[in-house]
Amino acid sequence: MSIHKEMKQSLNINSFIKMKENNDIITCLTAYDYTSAKILDNAGIDLILIGDSLGMVMNGYNSTIPVTIDEIIYHTKAVKRAVMHAFVVADMPFGSYHIDEKSAVKNAVRLVKETEVPAVKLEGGKEIAPLIEKLVNTGIGVLGHIGLKPQMVNTMGGYKIFGKDGAESLIEDAKTLENAGAFAVVLEGVSSQSAVQITNSINIPTIGIGAGSGCSGQILVYHDIFGIFTDFKPKFVKRYANVADIIDKAAKEYINDVKAGTFPDDAHSFK
Ligand code: KIV
């Protein structure tokens with residue numbers, strides 16, 4: 001058992017507001033399976049998101065658009081089995097909350113009932129505030145997500161940075177989400193200056209990804225930060241390890257050993 005596991009209390013939505021008040025920066029990462037989530041939880045991460053980024057890094061889709069609620073549920077169940085302390089949030093994928101309020105609530109309820117996550121994440125600003133209010137009143141925690149919304153890639157005309165010409169409309173979105181009951185809001189692809197202004201305009205924490213160091217917390221994708229996904233690397237990603245290189249080297253050693261007949265040896269065989 002790690003020191004973190006012995007000392008850390010389970011987190012809930014109120015923990016994050018307190019962390020912001022205490023200037024305790026919130027650490028978040030995505031995870032999509034039992035083993036990875038267990039490593040992050042033992043390391044002491046505050047929040048684990050089963051993001052729809054799984055579509056790209058786990059399934060090889062070109063965007064997050066094809067991800068289904070069944071895929072999110074499958075991966076969230078695996079993560080939930082591992083996590084003892086971190087706060088776990090599951091993404092609502094494209095199409096699962098866009099048709100009408102009734103089906104959106106039904107999908108969120110299904111996600112929470114089948115996986116036992118305390119909260120879901122939805123992309124959008126003021127236009128989804130009534131839905132967020134409805135979900136919160138239903139008993140579902142909501143993490144907002146504004147700025148670059150990858151589920152809107154087709155109508156955005158590609159991935160862009162937001163807030164370069166001022167933070168007004170993002171601040172309005174963030175305040176509306178706070179009033180609707182969101183416990184925190186992800187700022188993706190937002191200029192550092194605007195991210196600071198947004199963070200200072202609301203009481204709930206901001207969680208940045210490509211939004212500079214002035215947010216209340218940071219999030220990155222598991223496969224990006226550890227150098228497992230190598231198809232491309234966005235500017236905001238810092239690689240803390242090059243796991244793909246380690247696996248490549250180890251896989252080649254295994255292939256050579258098996259071809260040479262040196263594996264399995266006596267130490268790895270039963271007499
Ligand atoms: O899908 C995802 O992983 C995300 C985060 C990186 C914020 O939305």
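Atoms within each ligand, like the ligands themselves, are counted from 1 in listed order. Just so it is clear, the model here is predicted, and its values are computed rather than measured.
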May I ask you to say whether D224 pairs ionically with K238, meaning some side-chain N is under 4.0 Å from a carboxylate O?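 Not counted as a salt bridge, because no side-chain N and carboxylate O are separated by less than 4.0 Å.
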Are F226 and Y240 close enough that their ring centers fall under 6.0 Å? no
L122 pairs by side chain to side chain contact (heavy atoms under 4.5 Å, CB included) with which of D91, L177, I128? I128
Below 3.5 Å, can you tabulate the donor-acceptor pairs from side chains in residues 141-160 to any protein atom, sequence neighbours excluded?
residue	atom	partner	partner atom	Å
H145	ND1	K121	NZ	2.7
H145	NE2	L148	O	3.2
H145	NE2	E188	OE1	3.0
Q151	OE1	Y97	OH	2.7
Q151	NE2	D52	OD2	2.7
Q151	NE2	M92	O	3.1
T155	OG1	M152	O	3.2
K160	NZ	M156	O	2.7

Side-chain H-bond candidate by donor/acceptor type, T30 with Y32, under 3.5 Å: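 Side chains of T30 and Y32: pair found under 3.5 Å.
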State, without any angle test, whether S269 and D266 hold a side-chain donor-acceptor pair at a distance under 3.5 Å. no
May I have a table of the N/O to N/O pairs between ligand 1 and the protein that fall below 3.5 Å, each row giving the two atom names and the distance to 0.1 Å?
residue	atom	partner	partner atom	Å
ligand 1	1 (O)	D52	N	3.1
ligand 1	1 (O)	D52	OD1	2.9
ligand 1	1 (O)	S53	N	3.0
ligand 1	1 (O)	S53	OG	3.3
ligand 1	1 (O)	D91	OD2	3.2
ligand 1	3 (O)	S53	OG	2.5
ligand 1	8 (O)	K121	NZ	2.9

